[in-house]
Structures are given as structure tokens and as C-alpha cells.
Amino acid sequence: MFTAHESLRPSYDVVIIGAGGHGLAAAYYLARDHGVRNIAVIEKGYLGGGNTGRNTTIIRSNYLTPEGVKFYDESVRLWQDLSEDFDLNLFYSTRGHFTLAHTDAAMRTMRWRAEVNKHFGVKSEAVDAAFVKRALPMIDMQCGGHAPILGALFHEPGAIARHDAVAWGYGRGADRRGVEIHQRTEVTGIRVQSGRVVGVDTTRGAISTPRVLCAVAGFTPRVLDMVGLHTPIYVHPLQAMVSEPVKPWLDPVIVSGSLHVYVSQTARGELVMGASLDPYELHSTRSTLDFAEGLSAHMLDMFPFLSEVKVNRQWAGLADMTPDFAPIMGVTPVEGFFLDAGWGTWGFKATPVCGKTMSYTVATGRNHPLIEGFSIDRFARYQMTGEKGAASVGH
Ligand code: PYC
């Protein structure tokens with residue numbers, strides 16, 4: 001699907017660090033919409049091998065803050081045309097999305113989210129327990145007696161997609177427009193002179209460039225050290241697992257904040273499941289039995305009839321968390337150095353809108369209006385974009 005380039009050129013107009021969905025999407029839109037084609041995407045591992053291939057593929061825009069709702073709503077719009085844009089089936093599948101509420105406090109947050117969503121034209125509704133039971137007759141409404149379901153936030157546009165195809169689609173589209181993708185190439189340093197980026201050192205040679213976009217998820221603090229920038233990002237592993245294929249029985253995406261479970265069923269019949277962040281900072285993608293046991297127990301609280309279903313695979317990604325659970329995007333104090341980071345547990349669904357907004361920001365040198373609430377200087381101004389209440393993942 002991609003051209004293999006034997007060597008790096010001595011210079012590029014833009015260097016993008018990270019060939020995950022975000023980096024490739026930025027390259028794709030820079031080439032397609034802004035006419036910038038002399039771009040190298042540098043990837044230490046392989047294309048889509050980081051969080052793009054390690055998530056649970058949930059797409060939604062039912063956020064809590066106005067900044068978040070508008071941003072993810074644009075992403076959902078872009079998602080819907082991507083298969084056609086790429087001429088590649090991403091298996092984008094609109095399923096509806098339930099965030100279950102098991103307490104009065106959770107119900108209040110669901111109502112709050114529903115009102116913010118509706119204000120911005122996003123289809124979300126706070127629904128009662130009877131609605132949940134009608135839509136999901138197979139669920140144990142008492143959840144094994146631990147956490148009775150009081151209601152939910154129902155978000156009709158909630159969807160899933162095939163995650164690695166997203167990286168392939170953006171990668172192939174960028175490649176066809178002249179972007180060079182260099183896998184197995186590690187960035188070892190970023191050269192800055194008089195406060196502006198002038199080049200990048202890699203394991204395959206040095207490159208000069210006036211613009212660098214960092215889109216490396218859990219590796220962000222390491223890359224930021226190279227330019228002397230510091231953010232409040234801290235990294236936790238986020239694990240997930242997938243079952244053997246079973247007969248289709250689950251259409252919507254289900255999230256339970258109290259039981260720390262989210263689950264959907266793929267077109268192949270597998271149940272894709274996740275739970276909380278690992279409760280410690282760690283830079284590792286190992287899987288643990290503790291996680292698989294805890295998640296299975298909570299899955300069985302909701303769906304006891306799954307007790308004989310086998311787990312096929314388990315994996316982990318690296319979640320770069322911020323104090324307010326909103327990303328850090330845009331220009332930085334280092335001229336020519338742009339950041340797409342702090343995605344925590346929701347980077348996949350943002351892939352298209354990140355590509356759109358970061359390509360604009362890199363091309364113009366100005367933050368795209370949709371990312372103004374996510375700028376790096378908000379921490380110094382104590383102006384958080386508090387998004388924790390929209391998390392599907394326990395923290
Ligand atoms: O934000 O929808 C979400 C999500 C699900 C799993 C991880 N994040």
C-alpha cells in the first residue's frame with residue numbers, strides 16, 4: 001500500500017513524528033487541502049502500531065464541555081465520509097452508544113451532558129431504566145446486585161470502525177500525494193536555534209526542516225524533552241481485550257462508568273472490551289491477568305450469559321493523560337514546533353478532526369478555531385477545559 005523510501009531527503013517542509021492515525025491524518029490533509037507535499041512522517045516502529053492499533057475503536061461526540069462537543073462532533077462528521085474518501089472500507093458502523101448511570105450523581109452528569117450536547121446539535125438524551133431495558137433486554141438491570149442501572153445517556157451517533165484500516169487509509173492517501181512515510185526510523189533529537197525549529201536528527205540521518213509536528217501519544221514527554229518543553233502529561237497504560245467471535249447479539253456500544261466496562265461487538269462477532277487505566281504511571285504495553293479478571297467479572301455482572309465465552313487476545317496502549325482530561329494541541333512556545341498530544345483515553349475518535357485542525361495549524365502557523373480550548377498555555381493561565389465527566393474509562 002505504501003512506497004518504501006531507501007533514504008531520507010536532506011530537507012522537508014514539514015516533519016511529522018509518529019505514523020499513527022493522527023500523524024498520518026495531518027500529513028494527508030496537509031497534502032490534500034493545503035498543497036504541502038514535501039513531508040516526511042517519521043515512525044520509530046511501524047505504521048499504526050501505537051495507540052491507533054491498540055484502542056477499542058469507539059467513536060462518539062457526547063462530551064461535557066462546549067469545546068469538546070464541537071470538536072468531536074466535527075470528527076463524527078468527517079468519519080462518515082472517510083471510507084469513500086479513501087476508497088477503503090473502514091467498517092464504520094453507527095450503533096448508538098449507552099453510558100449507563102448507576103447512581104443519582106451519574107444521572108445528573110448524564111442530564112448535564114445531554115443538555116450541552118443538544119445545545120450544539122448533537123443527538124444525546126438522558127433516558128430512564130425502562131428505556132435501557134427495552135433497548136437492551138439481555139442486560140441484568142441489577143448488575144449482579146452491585147450496581148442497579150438507574151438510566152443512561154443515549155447517544156445515537158455512537159459508532160465503531162476498523163482501527164488499523166484508518167491508519168492504512170490515511171497513510172495510503174498521503175503516500176499517493178507524495179508524502180514520504182519512513183517506518184523503523186527513530187527521532188533522536190530536534191534542533192532548535194534562537195527559539196525556532198531548524199531540523200531533526202534520526203537514526204537514519206539528519207534532516208533540516210522549519211516545521212515539526214509531534215503526534216506520538218505516550219511518547220510525548222520524551223519528544224518534548226528534545227525541545228525543552230514541559231507539560232503536565234503523565235502516562236498510564238490502558239489495557240483492553242477481545243473475545244472469540246460469537247453470534248451477533250450486541251448492537252449498541254455499552255459503557256458503564258461504575259463497573260468500569262465498555263464493550264461493543266465487531267462485524268466479525270468479537271466482543272471488544274476495556275476497563276480503567278492501570279492505576280499507576282508506567283511506560284509499558286504489557287498485559288496483566290489482574291486486568292482480565294477484573295474486567296471479566298464486571299462484564300458478567302451485566303451479561304451473566306457470557307460466562308462460557310473465551311478471551312482471545314489482550315493488549316495495552318499508552319495513555320498520555322492531562323490534569324483536565326482535554327488534549328494539548330496547536331502552536332507551542334518553540335516556533336515551528338506543533339503539538340498533538342494529551343489524548344488520554346480518546347485519541348482514536350478524534351483522528352480525522354485532529355488531522356484537519358493540525359494540518360490547518362501547521363500550514364498557517366495559527367491554531368485552528370476548534371482547538372483554541374486545548375492550547376498548551378491554558379495550564380499556566382489556570383484555565384482548564386474540564387472534560388473528566390465525559391470519560392468512559394475509570395481513572
Ligand atoms: O472515550 O469512548 C471513549 C473510550 C472508550 C474506551 C476508551 N475511551
Side-chain angles (χ1 to χ4, degrees), residues 20-22 50-65 67-69 71-73 75-76 79 92-101 106 109-110 113 116-117 122 124 152-163 166 217-218 235-242 250 252-266 270-279 285 291 294-295 298-299 302 314-322 324-327 342-354 374 385-395:
H22 287 213
N51 287 355
T52 299
R54 295 170 178 276
N55 59 81
T56 44
T57 84
I58 297 170
I59 296 161
R60 63 187 174 92
S61 56
N62 56 355
Y63 279 72
L64 179 65
T65 66
E67 292 86 349
V69 175
F71 182 76
Y72 291 98
D73 185 37
S75 210
V76 169
W79 271 110
Y92 186 87
S93 173
T94 301
R95 299 292 190 86
H97 180 286
F98 282 89
T99 310
L100 304 177
T109 305
M110 300 313 154
R113 280 170 67 183
V116 179
N117 288 191
V122 169
S124 293
L153 179 69
F154 175 58
H155 176 55
E156 202 181 298
I160 53 173
R162 184 174 173 201
H163 47 9
V166 177
V235 179
H236 282 237
L238 179 61
Q239 301 190 51
M241 66 190 196
V242 64
L250 181 65
V253 180
I254 312 289
V255 176
S256 164
S258 300
L259 293 177
H260 303 302
V261 171
Y262 36 92
V263 56
S264 67
Q265 188 171 25
T266 69
E270 300 154 328
L271 298 171
V272 180
M273 302 164 268
S276 312
L277 289 173
D278 284 0
T285 52
F291 168 84
L295 174 53
H298 284 147
M299 279 292 293
M302 286 197 286
Q314 211 185 323
W315 66 91
L318 294 172
D320 51 344
M321 309 299 302
T322 60
D324 58 1
F325 292 74
W343 287 102
T345 59
W346 34 53
F348 178 70
K349 58 185 68 52
T351 304
V353 73
C354 283
F374 307 142
T385 302
E387 202 63 90
K388 187 170 184 179
S392 297
V393 177
H395 301 95

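Counting convention: from 1, in listed order, for ligands and their atoms alike.
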Is it the case that the side chain of Asn117 and the backbone of Tyr63 share a donor-acceptor pair, with hydrogens and angles ignored and the cut-off at 3.5 Å?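 Yes, the answer is positive, given that a donor and an acceptor are paired below the 3.5 Å cut-off.
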Is there any N or O on [X] that sits under 3.5 Å from an N or O of ligand 1?
X	answer
Arg60	yes
Tyr63	no
Thr56	no

Plane angle bin for Phe71 and Trp343 - parallel if under 30°, tilted between 30 and 60°, otherwise perpendicular: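 Geometry flag for Phe71 against Trp343: parallel rings.
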Check the orientation of Phe325 and Trp346. Use parallel for under 30°, tilted for 30 to 60°, and perpendicular for over 60°.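 Correct class here is perpendicular.
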Looking only at protein heavy atoms, identify the closest one to [atom] and say how far it is in Å.
atom	value
atom 3 (C) of ligand 1	Lys349 NZ, 3.1 Å
atom 4 (C) of ligand 1	Thr345 O, 3.6 Å
atom 5 (C) of ligand 1	Ile58 CD1, 3.6 Å
atom 6 (C) of ligand 1	Tyr262 CE1, 3.1 Å

Has His97 got any heavy atom lying under 4.0 angstrom from an atom of ligand 1?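 Not so, His97 does not reach ligand 1.
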Side-chain contact, heavy-atom cut-off 4.5 Å: His97 with Val255?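 A side-chain contact under 4.5 Å exists here.
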Would you say the rings of Phe291 and Trp315 are close, in the sense that their centroids are separated by under 6.0 Å?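 Centroid separation for Trp315 and Phe291: 6.0 Å or greater.
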Under 3.5 Å, is there a donor on one side chain and an acceptor on the other for His163 and Thr52?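 No, because no side-chain N or O of His163 sits under 3.5 Å from a partner of the opposite role on Thr52.
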